[in-house]
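Notes to accompany the following structure.
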Amino acid sequence: MKKFIEPENKENYKEIVYHRAIIICWILLVIFLILKIFGSNVANIVCNNQVVINICVFIDNNLIFKILLGTISSFISYTLLYLAILRKRNFTKVEWIVMCVTIPIFVTLRLLFSQVSYIFDIIQYFIMPFIFSRGKKVKCIEWFIPVMIYGNVLNFLFQLISLFAKNVALQNVESTLIGVILMIDVFIMLGLYYLYSNNYKGEKNMGWFLNWLFSKSESQLNKMKESRLRKINALQEEIAEIDEVIKEKQNDSKKED
């Protein structure tokens, strides 16, 4: 525990930040759960507030504000999702530019062509992460595609959990602003997915269930690699000893001949 309190170097400080961010996210989710258990329907309180209603009506009648709000919401969710899938802590400058350009475009297209929004979903959930993975030295079929599918399944489950917890049906979310408000816990769950995917000390912070749920960190993969290399070295030493014994037996056989 001491190493999380007294940073030894810059990298250690980053681990402290990640560790505390994970704790904060879990606390926020627990708070939402407690509010629900004790019957406090925050969503209804917000939705029935006249000021909020007026703001919702204004936004829903203004395409520019709908695009702006949708862009902010999408930017948060897709950034966390992509970085979690790619297991990267940050985008490159070029990738940030791509995000800033494409997300408003997709939000606008969804609003103008809602009948074919599934096409934009396919592009953003599957094609865009694939494009961002272009520089990663990995085997696509063996690593990236399973992880990408896994990440999108998690994202879908997060949204289902959010709707179930709030007892809200998809068709009942008619306001753009209310829809974003109801997405706050999804942002937190995506934040946890991102933090666990990029937490280099994740093997010490998570139990077996969360290791399975949020996949393995870079540090865990490196330790798995080191463990297997040690086994390979041990096997190579055994093989070398076997070769020596074989040579000795061959020499003995030659002497007898």
Side-chain angles (χ1 to χ4, degrees), residues 17-36 40-47 49 52 55-56 59 65-91 95-96 98-100 102-104 106-107 110-111 117 120-121 124-126 128-129 132 147-148 150-170 172-199 202 205-206 210 213-215 217:
V17 173
Y18 270 65
H19 179 70
R20 291 177 179 172
I22 288 171
I23 293 174
I24 291 171
C25 287
W26 276 116
I27 290 174
L28 290 174
L29 281 179
V30 170
I31 289 174
F32 284 159
L33 179 61
I34 292 175
L35 290 174
K36 183 63 179 179
S40 176
N41 196 330
V42 179
N44 282 341
I45 293 173
V46 173
C47 294
N49 186 285
V52 176
I55 295 174
C56 290
I59 292 176
F65 278 95
K66 288 180 71 173
I67 292 174
L68 179 61
L69 191 59
T71 297
I72 294 172
S73 173
S74 296
F75 195 86
I76 295 172
S77 59
Y78 285 114
T79 296
L80 293 172
L81 179 63
Y82 292 167
L83 290 174
I85 290 175
L86 297 169
R87 293 173 187 169
K88 293 175 60 175
R89 290 192 170 184
N90 200 358
F91 286 130
E95 289 170 343
W96 277 118
V98 172
M99 291 289 290
C100 292
T102 58
I103 287 180
F106 282 117
V107 170
R110 275 195 178 87
L111 291 173
S117 60
F120 311 127
D121 289 338
Q124 286 194 280
Y125 286 128
F126 296 99
M128 291 301 295
F132 284 143
V147 171
M148 179 173 59
Y150 176 79
N152 281 295
V153 169
L154 274 183
N155 181 41
F156 178 71
L157 289 176
F158 291 159
Q159 297 185 49
L160 284 182
I161 292 170
S162 175
L163 292 172
F164 177 77
K166 296 181 178 68
N167 196 24
V168 178
L170 282 170
N172 291 335
V173 183
E174 299 176 353
S175 168
T176 303
L177 179 59
I178 298 302
V180 173
I181 292 174
L182 296 178
M183 285 280 290
I184 291 177
D185 54 350
V186 176
F187 296 152
I188 296 174
M189 284 185 275
L190 284 172
L192 281 168
Y193 178 32
Y194 162 78
L195 290 168
Y196 277 122
S197 294
N198 291 283
N199 181 26
N205 296 334
M206 296 187 288
L210 290 179
L213 180 62
F214 291 102
S215 75
S217 67

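Quick note: residue numbers are just sequence positions, from 1.
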Quick check: do [X] and [Y] have side-chain heavy atoms less than 4.5 Å from each other?
X      : Y      : value
Tyr194 : Arg89  : yes
Thr102 : Gln124 : no
Thr79  : Leu190 : no
Trp96  : Asn90  : yes

What's the verdict on side-chain contact (heavy atoms from CB on, under 4.5 Å) for Val98 and Met128, showing C-alpha distance, side-chain angles and the deciding distance? CA-CA 10 Å; Val98 172; Met128 291 301 295; 3.8 Å; yes

Quick check: are there more than 12 heavy atoms from other residues, nucleotides or ligands sitting under 6.0 Å from CZ of Phe187? yes

Derivation and outcome, side-chain contact (heavy atoms from CB on, under 4.5 Å), residues Tyr193 and Asn155: CA-CA 9 Å; Tyr193 178 32; Asn155 181 41; over 6 Å; no

Restricting to non-hydrogen atoms, name the atom on Phe158 and the atom on Met189 that form the minimum distance, rounded to 0.1 Å. O-CE, 3.3 Å

Can you name the closest pair of heavy atoms from Cys25 and Leu195 and give their distance? SG-CD1, 4.0 Å

With sequence neighbours left out, what residues match [X] under side chain to side chain contact (heavy atoms under 4.5 Å, CB included)?
X     : value
Thr71 : Ile67, Ile103, Pro104, Val107
Glu95 : Lys88, Phe91, Thr92, Phe132, Arg134
Ile72 : Leu68, Ile76

Leu83 CG to Tyr78 OH distance, which is reported to the nearest 0.5 Å: 14.5 Å

In chain order, what residues pass the ring-ring contact (aromatic ring centres under 6.0 Å, His included) check against [X], with sequence neighbours excluded?
X      : result
Phe106 : none
Phe156 : none
Phe126 : none

Taken in chain and number order and not counting sequence neighbours, the residues that satisfy side chain to side chain donor-acceptor pair (under 3.5 Å) with Asp121 are Arg110

